[in-house]
Amino acid sequence: MSAVSGPQGYAPPTPGSTPRVLSGIQPTGDSFHLGNYLGALRQWVALQDTHDAFYCVVDLHAITVEYDPEALRRRTRVSAAQLLAMGVDPERSTLFVQSHVREHSELAWILGCLTGFGEAGRMTQFKDKSAKQGTGGPSVGLFTYPILQAADILLYTPVPGAGGQGFQVPVGEDQRQHLELTRTLAQRFNHRFGETFALPEAYIPKATAKITDLQEPTAKMSKSSSSPQGIIDVLEEPGSMRKKIMRAVTDTGTEITYDEEKKPGITNLLRIYSALSGSTTGDLERQYAGAGYGSLKKDLAQLVLDTLTPIRERTEKALGDEEQLDRILARGAARAGEVAARTMEAVRDRVGFVGRGHA
């Protein structure tokens, strides 16, 4: 199999010198929201300094539910542009679109043939949607979603004994089950066909901000469940962001204190403020002692605008040169494809597929 040329300007770390990490995000909206940014995407930027980082816009995962093709195409580019604007650097990491590396789908099929029906049916996301919609609601794609996710991960795991320093996957509590399935399938493949995949390890990020809905502060900020007034989008207009923060639900009383049970609204605002400013919530409690909620909201609104406005401007600039954006994604796909092709060459041989000859 001929090698795919790597991306120009990208010098991958020397084998064995640094652990590899992979993260993906769906292009399911016209903008990431503040919870995405503070909870995960800032970590992506930091990980470039310590890991051989692979970052993927997972468009294949985005089609498990009904969607509009043109919207998907637009959102995929907007997602990539936002990642660049936030500090993902194609000179220091590999940024690509999932569907550009065909091996993701190929390995997913092979792993699907090693996965029990009951095993897949126990995955939380499918169980939850089936409970709400019945078995006729969710698609087969949603049922096999965790298997594709396992393929996403295992394509980039260093082959055992190849001198790599391990492979890590940043996970929150909602993704632990999927990572465990990935490890199970890797072990099953290795047992049946010989050592092929190293077992990926969970990378537990340092404590990140748990950002909740501005209108329902006991619920997670989420594109799928929050109202428009409960979410701050990274690409939102400044006036709209300011209004949402000023109208955020607060709590009885006037004291600005961090208390998740008694003051979930103020606690959420303090968490956002702390994550963006670097001040502890304790520092903020002292800073705003005796001040009203309005004072906190006004200062927080300005801080959010100061943080997100440059990201929006850089995103718009990246989208203004679509050819350059596509070149960056093509170089990332070439680098990712090079790694994925090596993995699949070994997988095809070990599962017994006849090698493709030359015409």
Side-chain angles (χ1 to χ4, degrees), residues 22-44 54-86 88 95-101 104-105 108 123-130 132-133 137-153 169-175 177-178 208 211-214 216 219-236 240-241 244 308 311-312 315-316 318-319 325 329 332:
L22 176 129
S23 278
I25 191 164
Q26 285 197 45
T28 51
D30 290 320
S31 172
F32 298 139
H33 60 67
L34 186 62
N36 299 140
Y37 175 62
L38 294 178
L41 299 178
R42 288 199 309 179
Q43 296 275 349
W44 288 23
F54 284 68
Y55 296 138
C56 182
V57 180
V58 289
D59 54 343
L60 295 176
H61 287 295
I63 67 171
T64 59
V65 296
E66 191 172 341
Y67 71 99
D68 174 75
E70 285 307 313
L72 175 63
R73 205 179 334 271
R74 180 184 71 252
R75 289 170 175 175
T76 299
R77 287 195 175 99
V78 170
S79 296
Q82 284 178 92
L83 294 174
L84 294 170
M86 290 174 183
V88 170
L95 175 63
F96 66 104
V97 175
Q98 183 187 29
S99 64
H100 290 177
V101 181
H104 286 255
S105 300
M123 295 294 104
T124 302
Q125 190 174 33
F126 182 79
K127 280 177 62 178
D128 289 348
K129 289 212 173 183
S130 294
K132 293 176 183 176
Q133 303 174 11
S139 68
V140 173
L142 188 68
F143 183 72
T144 60
Y145 181 109
I147 302 168
L148 176 58
Q149 194 171 62
D152 297 338
I153 294 167
V169 183
V171 290
E173 286 303 320
D174 59 337
Q175 293 295 323
Q177 186 188 38
H178 290 177
T208 56
I211 306 304
T212 58
D213 188 306
L214 296 179
E216 296 285 345
K220 181 180 178 181
M221 186 179 286
S222 167
K223 286 282 188 183
S224 61
S225 59
S226 296
S227 70
Q229 294 305 310
I231 291 181
I232 293 176
D233 285 326
V234 171
L235 303 183
E236 199 161 334
S240 176
M241 283 193 281
K244 288 182 181 180
L308 298 186
I311 293 175
R312 188 181 72 252
T315 300
E316 290 172 350
L319 290 170
L325 178 60
L329 294 175

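Because the structure is a prediction, the values reported are computed rather than measured. Numbers here simply count residues along the sequence, with the first being 1.
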| Summary of ring-ring contact (aromatic ring centres under 6.0 Å, His included) pairs that have at least one residue in residues 56-83, sequence neighbours excluded | His61-Tyr145

| note | Here the pair of heavy atoms bringing Ile231 nearest to Ser222 is CD1-O, 3.2 Å

| task | Please name the pair of heavy atoms, one in Leu308 and one in Met241, separated by the smallest distance, quoted to 0.1 Å. | result | CD1-SD, 3.6 Å

| How long is the gap from CG on Leu83 to CD1 on Ile25, to the nearest 0.5 Å? | 6.5 Å

| Can you list the steps and then say if Gln82 with Leu41 is a side chain to side chain contact (heavy atoms under 4.5 Å, CB included)? | CA-CA 10 Å; Gln82 284 178 92; Leu41 299 178; over 6 Å; no

| task | Determine, for Asp59 against Arg75, whether the closest basic-nitrogen to carboxylate-oxygen distance falls under 4.0 angstrom. | result | no

| query | For Val234, does its backbone N or O pair with a side-chain atom of Ser31 as donor and acceptor, under 3.5 Å? | reply | yes

| query | Should Ile211 and His33 count as side-chain neighbours, where that means a heavy-atom distance under 4.5 Å? | reply | no

| Under the 3.5 angstrom rule, does the side chain of Asp233 hit a backbone N or O of Leu235 as a donor-acceptor pair? | no

| Out of Val97, Val78, Thr76, which residue meets the side-chain contact (heavy atoms from CB on, under 4.5 Å) rule with Pro27? | Thr76

| query | What are the two closest non-hydrogen atoms of Thr212 and Ala219, and how far apart are they? | reply | CB-O, 3.0 Å

| field | Results of side chain to side chain donor-acceptor pair (under 3.5 Å) for Ser79 - residues two or more places apart only | value | none

| remark: Minimal heavy-atom distance between Asp213 and Gly230, with the atoms involved, is OD1-CA, 3.1 Å

| request: Working to the nearest 0.5 Å, report the span between CZ of Arg74 and CD of Glu70. | output: 8.5 Å

| task | Evaluate the side-chain proximity of Leu214 to Ile232: yes if any heavy-atom separation is below 4.5 Å, no if none is. | result | yes

| note | Smallest heavy-atom separation, Ile147 atom then Ala108 atom, equals CG2-O, 3.5 Å

| field | 4.5 Å side-chain heavy-atom contact, Arg312 and Glu316 | value | yes

| message | Testing Tyr55, Phe54, Phe32 one by one against Trp44 for a ring-ring contact (aromatic ring centres under 6.0 Å, His included), which residue passes? | response | Tyr55

| Leu325 side chain near Leu84 side chain, heavy-atom distance below 4.5 Å | yes

| Closest approach of Leu22 and Asp152, non-hydrogen atoms and distance? | CD1-O, 3.8 Å

| query | Which distance, rounded to the nearest 0.5 Å, do you find between the NE2 of His104 and the CG of Leu60? | reply | 8.0 Å

| said: So, taking the atom named CE in Met86 and the one named CG in Asn36, what distance separates them when rounded to the nearest 0.5 Å? | reply: 7.5 Å

